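These figures come from a predicted structure and were not determined experimentally. The figures here come from the full heavy-atom set of this structure, side chains too, leaving out hydrogens, waters and symmetry mates.
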Amino acid sequence: MQKDEVRRDRPAGANKVIFIWMGSVCLMAIVAIKLVRLLGHPATSLVIGIAPSVLGPAGLLFLLLSSTGRLSRLTLLQMTVLVAALSVALERIQLLPRPPILARGHYTFDFWDIGGTVLSVVAGYSISARILRQPQSTDRKG
């Protein structure tokens, strides 16, 4: 058995798969919600209005936690702060005037969206911390 195989942590790999799935589901749900909005479904309420702001930051956090690049060296708290800053910045960018080609899109700044973003970041951090805190098995058979 090679030394690298002994150091490889199987549960960490399993956590990455869990984060990939959770992040993908969150971000794909945004597409479905945007389609509901586009089709003008009568169920467009406040919940549908802020759903992308609730799902987006958590999905981004989960996907970043599953990555193996430079950002993987950050702690969970650092990654969460980064996602929170990016998410709030994206919400604030909606206040800027848009060029004519983007003027037809309906993007508005809303304090409900900021609240949804904060809720999403806190929920994403809590879920991630719980997953990462689960006991890791170091038993190797074979």
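- In this structure, OG1 on Thr80 lies 10.5 Å from CG on Leu60, to the nearest 0.5 angstrom.
- For the atom pair CG (Leu86) and CG (Leu90), the distance works out to 6.5 Å, reported to the nearest 0.5 Å.
- Interatomic distance, Leu65 CG to Leu74 CG, rounded to the nearest 0.5 Å: 9.5 Å.
- When all heavy atoms of Ser128 and Leu61 are compared, the pair lying nearest together is OG-CD2, 4.1 Å.
- Scanning all heavy atoms of the two residues, the minimum distance from Phe19 to Phe62 falls at CB-O, 3.3 Å.
- Residue pairs meeting the side-chain hydrogen bond (donor to acceptor under 3.5 Å, both in side chains) criterion with at least one partner in residues 50-66, sequence neighbours excluded, are Ser53-Glu91, Ser53-Asp113.
- Both Leu77 and Val83 belong to a single network of hydrophobic side chains, linked directly or stepwise wherever heavy atoms of I, L, V, M, F, W or Y lie under 4.5 Å apart.
- Nearest approach of Ser87 to Thr117, heavy atoms of both residues: CB-CG2, 3.3 Å.
- Both Leu132 and Leu82 sit in one connected hydrophobic cluster of ILVMFWY residues. Membership requires side-chain heavy atoms under 4.5 Å apart, directly or through other members.
- Taking CZ of Arg133 as the reference point, atom CD1 of Ile131 lies at 11.0 Å (rounded to 0.5 Å).
- Across Leu64 and Met79, no two heavy atoms sit closer than the pair CB-SD, 3.5 Å.
- Taking every heavy atom of both residues into account, Ile20 and Leu63 meet most closely at O-CD2, 3.8 Å.
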Distance-only donor-acceptor hits, side chain of residues 119-127, under 3.5 Å, sequence neighbours excluded:
{"from": "Ser120", "atom 1": "OG", "to": "Val54", "atom 2": "O", "distance (Å)": "2.5"}
{"from": "Ser120", "atom 1": "OG", "to": "Ala58", "atom 2": "N", "distance (Å)": "2.8"}
{"from": "Ser126", "atom 1": "OG", "to": "Val122", "atom 2": "O", "distance (Å)": "2.9"}

